[in-house]
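Remarks on the structure that follows.
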Protein chains: 2
Amino acid sequence: MPNNQFKKGELYSFITGKASTAIARRLQKKFNAAGLNITIEQWSVLYHLWKQEGISQQELCNATFRDKPSITRLVDNLERLNLVKRVASENDRRINLIYLTKQAQKLQEETMALADETLNEALITVPSDRIDVCKEVLQVVYDNLK
Amino acid sequence: MPNNQFKKGELYSFITGKASTAIARRLQKKFNAAGLNITIEQWSVLYHLWKQEGISQQELCNATFRDKPSITRLVDNLERLNLVKRVASENDRRINLIYLTKQAQKLQEETMALADETLNEALITVPSDRIDVCKEVLQVVYDNLK
DNA sequence: TTTGGATAGTTGCACAAACAACTATATGCC
DNA sequence: GGCATATAGTTGTTTGTGCAACTATCCAAA
């Protein structure tokens, strides 16, 4: 067993993603405390739309690593919150292009600051070279399994 | 910003736990392919009961990092699958002690082998000293936020 | 031009998570 | 003993996920 470095308790943490769960919960609490009425999952969709809006739901699936029904419902909820709009593509009528509302554009700065803050709290005691190693290992894990 | 090592794309991965999500999905597929009719979340409860059974639901909450309603429903479903039994404590009638059935005891070896296999696939290309750093960083993140 | 396969998106169902509100039991203090 | 408070567990509601089945549209080959 070449790379089986896991004792039992550690195996459990790796599979259940205790660390990322803790980060997401902390960030959600910050959103709530700031009176921002959005979930982490909704934020993760907005996150990609802030980088580029007017992309299709399928592109959001790829970007957020979710399946199509999940994106359908996240976009449903974001639309109900008046944060995004579905616009039918003119070239291909199967496609919905997703655009941000003004209200969503306003959320970017505040939520990104809270996300930065959360990661700083999570990593405050960790030297940056060790953070780099950790990020790279997690990326390889993802690439190995996707 | 002392430890803010995150460019945008990396921030996203860290918060959403892309790597652990990929691991959990791969393991779930292995369970399904093996005809094992349990979810990863149910497995995570059994995991702790295999280490020690006859513990309370509250102790399962602490062990699995879940809240009480989540454990109530996971135990409900495990009980419906005939994998665990609630037994009222004699000392304190508020407490349910959770015991494994014979059927659940049989699952331990096979599911743990599949979990090992999944982590080996995830980490096959990663040197063990880098895995160690990654595990330690994730543990610190958890400790910093819990 | 029609038809068959691929692609984009939606809907139904089962399971799970977070939060609030609730019941039941235990405990400690007067 | 009786009451306030804490603890264990349950239930309701909203949100999200994964899978299968479905509709609509596109495209390419006969």
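All heavy atoms count here, side chains included; hydrogens, waters and symmetry mates do not. Each chain gets a letter, A, B and so on, in the order its sequence line appears, and its residues count up from 1.
- No engagement by B:Ile71 is indicated, since no non-hydrogen atom pair under 4.0 Å with the nucleic acid exists.
- Between A:Arg73 and A:Leu97, the residue whose closest nucleotide on DNA chain C is further toward the 5' end is A:Leu97.
- Residue A:Thr39 is in sugar-phosphate contact alone, with no base atom involved, counting any heavy-atom pair closer than 4.0 Å across all strands shown.
- Taking 4.0 angstrom as the limit, B:Asn91 places none of its side-chain polar atoms (N or O) nearer than this to OP1 or OP2 of C:dT25.
- When atom types are taken as modelled, the side chain of B:Glu117 and the backbone of B:Met112 share no donor-acceptor pair closer than 3.5 angstrom.
- In the set D:dT15, D:dT17, D:dT7, the nucleotide with an atom closest to the side chain of A:Asn77 is D:dT15.
- Under 4.0 angstrom from either OP1 or OP2 of D:dT15 there lies at least one side-chain N or O belonging to A:Arg80.
- Listed pair B:Asn32 / D:dG18 fails the phosphate criterion, with no side-chain N or O lying under 4.0 Å from OP1 or OP2.
- Which of D:dT10, D:dC26, C:dA16 sits closest to the side chain of B:Gln42 comes down to C:dA16.
- Phosphate proximity of D:dC19 to B:Lys29: present, with a side-chain N or O under 4.0 Å from OP1 or OP2.
- Taking 3.5 Å as the limit, the base of C:dG9 and the side chain of A:Arg66 contain no donor-acceptor pair of atoms between them.
- The side chain of B:Ile95 sits closest to D:dG9 out of C:dT11, D:dG9, D:dT25.
- Listed candidates were C:dC19, C:dA8, D:dG9. Nearest to the side chain of B:Asp67 is C:dC19.
- Distance from the side chain of B:Ser70 is smallest to C:dA18 among C:dG9, D:dA8, C:dA18.
- Comparing D:dT25, D:dG18, D:dC19 against the side chain of A:Pro69 picks out D:dC19 as the nearest.
- Nearest to the side-chain atoms of A:Asp92 among the listed nucleotides D:dG9, D:dT25, C:dT10 stands D:dT25.
- The side chain of A:Gln57 places an N or O atom within less than 4.0 Å of a non-bridging phosphate oxygen (OP1 or OP2) of C:dT10.
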